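Structure first, commentary second.
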Amino acid sequence: MQEKLFGLTRTTLLDYPGKVAATVFTRGCNMRCPYCHNPGLVCGDDREGLLTWTEIIEYLKKRQGLLGGVCISGGEPMIHIDIDEKIDELHSLGYKVKIDTNGALPDRLKTLKADYIAMDIKTAPSRYAVMGYTGSRSEIKDRILESIGIIKNSGIAHHFRTTAVPELVTSDDIREIVKLLDGEENFVIQGFRPGNTLDPDYSRLNAADAVYLDRLKTIVEEAGINCMVKYNN
């Protein structure tokens, strides 16, 4: 069997809060968000520049003491049944591990050994059909709600975030999301920007502007949650 391949950002100050980290990208995903900026990874088509897990571990061994953490992103890391084994291996090297997830597999989250979780809430759970979930669409709302609850009560450091795409994330969607985040201190809104997107039509959209993002931020803050916005400056 051919060994799995992964993408690697060797050093980042952005992907793991408070740590200099490396980011590992898994291939494959159980959603097809039209604005996704990693279409080759999501569909499993990318091969150029990717590394084996053995090569990634060899790199991380050389960076022990220089990097503080590893972020595992994707694609969707939780579709890989060996994710806990990989987390154990990273822990054995002294790294803290952050997982980025879409929350579509709540049962996997119940036993997750990560030190930090960032969950993308794509839009209001009642509207997840627009995100192209490849499993049962009748179940996806319940799965997202369950994952939010698991993460909130996990005792693991975490935050929730939404990529604000004007036609997919409305003010009403944000109102529905913040009702689910009762008790959370922080929420992150990332402004959509065009680029190499899964649906080519989204590459031609305008970036989310400050007026739209500030409107969403106000809704979050009025709910008593601190909101960090990543603008497209």
Side-chain angles (χ1 to χ4, degrees), residues 9 11-21 23 25 29 31 33-39 42 69 71-77 98-104 114-128 130-131 144-145 147-149 151-152 156-199 201-233:
T9 297
T11 306
T12 176
L13 298 173
L14 301 176
D15 292 343
Y16 199 133
K19 294 188 183 299
V20 181
T23 299
F25 297 91
C29 189
M31 288 193 181
C33 304
Y35 55 84
C36 178
H37 282 166
N38 288 329
V42 163
C71 174
I72 305 180
S73 190
E76 172 53 41
K98 171 178 174 277
I99 292 287
D100 291 342
T101 183
N102 60 31
D115 305 286
Y116 197 108
I117 304 172
M119 177 177 162
D120 291 298
I121 303 177
K122 305 293 186 177
T123 187
S126 60
R127 297 212 307 128
Y128 257 60
V130 297
M131 298 302 169
I144 296 304
L145 296 178
S147 289
I148 291 171
I151 293 171
K152 287 174 65 174
I156 299 172
H158 64 270
H159 70 265
F160 296 95
R161 62 193 182 192
T162 294
T163 297
V165 187
E167 68 179 61
L168 299 178
V169 181
T170 67
S171 296
D172 285 342
D173 293 328
I174 291 294
R175 290 187 183 97
E176 183 174 332
I177 290 168
V178 296
K179 287 179 181 178
L180 305 174
L181 301 182
D182 182 52
E184 291 294 299
E185 295 182 0
N186 301 296
F187 181 65
V188 178
I189 292 176
Q190 303 174 137
F192 164 78
R193 53 183 175 78
N196 180 30
T197 55
L198 183 63
D199 182 338
D201 288 343
Y202 279 73
S203 69
R204 295 184 282 272
L205 295 181
N206 293 325
D209 63 40
V211 173
Y212 162 68
L213 295 173
D214 285 341
R215 183 168 67 250
L216 302 185
K217 178 182 180 181
T218 297
I219 294 169
V220 176
E221 292 181 335
E222 286 178 347
I225 301 171
N226 180 55
C227 185
M228 184 178 79
V229 177
K230 296 182 179 181
Y231 295 94
N232 290 301
N233 297 330

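For the single chain, residues carry numbers from 1 onward in sequence order. All values derive from a computational prediction rather than experimental measurement.
Scanning all heavy atoms of the two residues, the minimum distance from His37 to Arg193 falls at NE2-O, 2.8 Å. Annotation for Leu213 and Ala164: closest pair CD2-CB, 3.6 Å, computed over non-hydrogen atoms. In terms of heavy-atom proximity, Asp173 sits nearest to Ala124 at OD1-CB, 3.4 Å. Between Ser203 and Gly195, the closest heavy-atom pair is CB-O, 2.9 Å.
Applying the 6.0 Å contact sphere to CG of Asn206 captures no more than 12 heavy atoms from other residues, nucleotides or ligands. Atom CZ of Arg127 is surrounded by more than 12 heavy atoms from other residues, nucleotides or ligands within 6.0 Å.
Side-chain contact between Val178 and Glu184 is absent, with no heavy atoms from C-beta onward closer than 4.5 Å. Considering only heavy atoms from C-beta on, Leu168 comes within 4.5 Å of Pro34 through its side chain. The shortest distance between side-chain heavy atoms of Asp115 and Tyr16 falls below 4.5 Å. Using a 4.5 Å heavy-atom cutoff, the side chains of Lys19 and Cys71 are not in contact. Considering only heavy atoms from C-beta on, Cys36 stays 4.5 Å or farther from Thr197 through its side chain. By the 4.5 Å heavy-atom criterion applied to side chains, Leu180 and Phe160 are not counted as neighbours. Annotation: side chain of Thr9 is in contact with side chain of Phe25 (closest heavy-atom distance under 4.5 Å).
No option in Thr11, Thr12, Asp15 other than Asp15 meets the side-chain hydrogen bond (donor to acceptor under 3.5 Å, both in side chains) test with Thr23. Screening Val220, Asn186, Ile121 for a side-chain contact (heavy atoms from CB on, under 4.5 Å) with Leu181, the sole residue that qualifies is Ile121.
Judged purely by atom type and a 3.5 angstrom limit, Asn232 uses its side chain to pair as donor or acceptor with the backbone of Ala208. Remark: side-chain polar atoms of Asp100 are not paired, donor with acceptor, to backbone N or O of Gly74 under 3.5 angstrom. Between the side chain of Lys122 and the backbone N or O of Tyr128, no donor-acceptor pair lies under 3.5 Å. No donor-acceptor distance shorter than 3.5 angstrom exists from the side chain of Lys217 to the backbone of Ile189, with no hydrogens or angles considered. When atom types are taken as modelled, the side chain of Thr163 and the backbone of Phe192 share no donor-acceptor pair closer than 3.5 angstrom.
Atom NE2 of His159 sits about 12.0 Å away from atom CE of Met119, to the nearest 0.5 Å. Taking SG of Cys227 as the reference point, atom CD1 of Ile219 lies at 10.0 Å (rounded to 0.5 Å). In this structure, CD on Gln190 lies 8.0 Å from CE on Met228, to the nearest 0.5 angstrom. Annotation: the span from Ile174 atom CD1 to Thr218 atom OG1 amounts to 11.5 Å, rounded to 0.5 Å. Residue Ile177 holds its CD1 atom at 8.0 Å from CD1 of Ile148, rounded to the nearest 0.5 Å. For the atom pair Asp214 CG and Asp209 CG, the distance stands at 9.0 Å (nearest 0.5 Å).
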Inset, instruction - Before giving the answer on side chain to side chain contact (heavy atoms under 4.5 Å, CB included), spell out for Tyr212 and Val169 the whole-Å C-alpha distance, their side-chain angles and the decisive distance to 0.1 Å. - result: CA-CA 10 Å; Tyr212 162 68; Val169 181; 3.6 Å; yes
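No hydrogens or angles considered: nothing links the side chains of Tyr35 and Glu167 as a donor-acceptor pair under 3.5 Å. The closest side-chain donor-acceptor pair between Asp120 and Asn102, if any, does not fall under 3.5 angstrom.
For the pair Arg175 and Asp172, the salt-bridge criterion is met [side-chain N within less than 4.0 Å of a carboxylate O].
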